[in-house]
Novice: 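Sharing a structure with you now.
Remember, it's a predicted structure, so these values are computed and weren't measured experimentally.
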Amino acid sequence: MKKIIVYSALLLVGLVCSQLLPSFIPSYSKLQPVIMVLTMSALAYIMINVGREFEIDKNNLKQYRWDYVVAMTTATFPWIAVVVYFIFVLMPPELWSNVDAWKETLVIGRFAAPTSAGVLFAMLTAAGLGATWVFNKARILAIFDDLDTVLLMIPLSILVVGWQPALGLTLVLMFGLLALGYRYLHLWSIPSSASAVLGYAVVIAVVCELFYLRSGVHFEVLLPAFVLGCMMKSQHESASDQQLSSLIAGVFMVLVGLSLPQIFGSADITASDSITLSMPAMSLAEITYHVVVISIIANVGKMFPLFCYRKEASLKERLALSISMWPRGEVGAGVLMISLGYGFGGPIVTISMLSLALNLVLTGVFIMVVRKLILNERQEGESYEKA
């Protein structure tokens with residue numbers, strides 16, 4: 001519990017600093033690429049370690065098809081629900097059939113889709129739930145729904161800016177990496193100390209950032225880092241390795257908060273004909289109301305796993321799994337930064353950023369609820385066995 005509280009506090013520190021530092025450091029915007037590379041390096045480190053522990057039953061691949069379907073729903077339901085709310089509640093009726101309005105909100109609303117795999121795994125591990133069914137299933141679903149988010153951003157980008165050869169290359173690279181991970185699962189005998197893994201993570205983050213600078217297309221570190229971990233032979237972590245992993249997880253929490261764009265007054269706006277940007281300003285009370293509603297809608301949309309896996313887990317475990325999919329973070333923030341880069345803005349983007357920020361602040365609470373549900377399930381099982 002102490003780790004959860006510490007990680008939650010670090011998230012909050014990063015979040016507050018992301019909003020205050022630009023006012024005190026005039027050149028703060030120049031630091032954003034550095035912060036992004038550091039954030040992605042820490043995320044890559046976490047995902048490499050997740051891949052190292054990942055196992056797949058090649059003789060029973062059908063189960064993963066269903067897992068992907070479930071993961072796709074946990075990414076799609078909140079996204080569609082948020083987009084519908086943006087269109088039919090926040091926009092006037094004359095824009096309900098406007099194609100450009102739908103394009104912009106489809107991109108912005110995607111922030112609600114991805115579970116933050118890095119935050120989730122770090123928090124669940126800190127809560128002592130690494131050996132539970134919930135953790136093992138959440139690990140698969142979170143990776144799949146982040147992958148689904150990254151893949152879907154490609155057609156959404158085509159919708160907004162048109163076809164680019166780099167988008168096709170991104171697709172080829174993604175499927176190539178998946179094939180490599182499957183073919184060489186835990187076969188690569190390469191150095192796997194914490195310092196070596198950190199080196200791999202930095203290289204992956206830098207290469208992905210260079211790919212973006214050269215092509216203008218985002219290639220998230222999540223997939224290459226995870227695949228590399230899958231290909232590495234699993235080896236025991238030493239005590240010093242575990243200490244470094246905890247330190248990097250703590251730094252990652254701060255960096256996730258820092259990577260959130262400025263909620264008010266952020267204006268790297270490159271276009272002036274955006275529909276969302278031209279929407280009239282809202283009062284603080286209106287924004288607060290919509291932030292709460294959007295947050296509820298987005299998290300309710302993540303609840304589909306509650307109705308699945310009935311033969312594998314109890315109701316409390318399935319509820320815990322659904323709630324564990326609520327945390328959002330670096331990938332959702334990345335979607336919002338892409339939206340700003342396209343010139344989208346206005347109250348819809350502000351509401352989205354505040355919703356993401358609220359979710360980040362509540363991450364520790366979500367994990368404590370998950371922990372309590374699992375512990376209660378264990379206690380009930382022990383009482384049943386004694387009876």
Side-chain angles (χ1 to χ4, degrees), residues 3-47 108 111-112 114-123 126 146 149 198 201-202 204-206 208-210 212-213 218 220-222 225 244-269 291 295 327-341 345 349-367:
K3 265 193 175 182
I4 294 177
I5 294 171
V6 171
Y7 284 173
S8 300
L10 292 173
L11 272 172
L12 188 57
V13 167
L15 179 60
V16 171
C17 289
S18 72
Q19 306 305 306
L20 296 181
L21 288 180
S23 301
F24 296 99
I25 305 176
S27 60
Y28 181 78
S29 59
K30 296 180 180 178
L31 296 176
Q32 284 300 111
V34 177
I35 292 173
M36 183 55 62
V37 170
L38 291 174
T39 304
M40 293 301 103
S41 297
L43 174 60
Y45 180 91
I46 292 171
M47 293 310 300
I108 298 169
F111 88 94
T115 299
S116 176
V119 172
L120 173 63
F121 300 147
M123 285 286 196
D146 276 2
T149 295
L198 181 57
V202 172
I204 290 172
V206 170
C208 288
E209 183 65 15
L210 289 175
Y212 167 68
L213 292 175
H218 288 271
E220 301 294 343
V221 302
L222 184 142
L244 182 56
S245 295
S246 296
L247 176 62
I248 292 174
V251 172
F252 173 69
M253 296 300 167
V254 178
L255 291 169
V256 168
L258 281 173
S259 65
L260 189 72
Q262 273 191 276
I263 295 171
F264 298 104
S266 62
D268 282 337
I269 303 300
V291 166
S295 300
R328 314 298 206 284
E330 68 289 336
V331 180
V335 170
L336 292 179
M337 284 187 277
I338 291 172
S339 300
L340 290 174
V349 172
T350 300
I351 289 167
S352 299
M353 289 182 181
L354 285 170
S355 175
L356 182 63
L358 176 62
N359 196 286
L360 277 173
V361 172
L362 293 176
T363 298
V365 177
F366 300 155
I367 300 303

Novice: Any side-chain heavy-atom pair from Phe252 and Leu10 closer than 4.5 angstrom?
Specialist: no
Novice: With a 4.5 Å cut-off on side-chain heavy atoms, are Leu258 and Leu21 touching?
Specialist: yes
Novice: First locate atom CD1 of Ile46, then atom OG of Ser41, and finally report the distance between them rounded to the nearest 0.5 Å.
Specialist: 11.0 Å
Novice: Minimum heavy-atom separation for Arg328 and Leu360, please, with both atom names.
Specialist: O-CD2, 3.2 Å
Novice: Quick check for you: to the nearest 0.5 Å, what is the distance between Leu198 atom CG and Ile248 atom CD1?
Specialist: 4.5 Å
Novice: For the residue pair Ile108 and Ser352, what are the closest heavy atoms and their distance?
Specialist: CG2-OG, 3.5 Å
Novice: Decide yes or no on side chain to side chain contact (heavy atoms under 4.5 Å, CB included) for Ser339 and Phe111, but give the supporting numbers first.
Specialist: CA-CA 10 Å; Ser339 300; Phe111 88 94; over 6 Å; no
Novice: Distance check, rounded to the nearest 0.5 Å: Leu15 atom CG versus Ser18 atom OG?
Specialist: 5.0 Å
Novice: Mind checking the CG-CD1 spacing from Leu356 to Ile351? Nearest 0.5 Å is all I need.
Specialist: 14.0 Å
Novice: Between Leu255 and Ala42, which heavy-atom pair has the shortest distance, and what is it?
Specialist: CD1-CB, 4.5 Å
Novice: Counting C-beta onward and ignoring hydrogens, is there a side-chain heavy-atom pair between Phe121 and Met47 closer than 4.5 Å?
Specialist: yes
Novice: Give the minimum heavy-atom separation between Cys17 and Pro22, together with the two atoms involved.
Specialist: O-CD, 4.0 Å
Novice: Once you round to the nearest 0.5 Å, how far does CG of Leu247 lie from OH of Tyr45?
Specialist: 9.0 Å
Novice: Which atom pair, heavy atoms only, marks the closest approach of Ile367 to Met123?
Specialist: CG1-CB, 3.5 Å
Novice: In Å, rounded to the nearest 0.5 Å, how long is the span from OG1 of Thr363 to CG of Leu358?
Specialist: 9.5 Å
Novice: Taking Ser295 for its side chain and Val291 for its backbone only, find out whether a donor-acceptor pair lies under 3.5 Å.
Specialist: yes
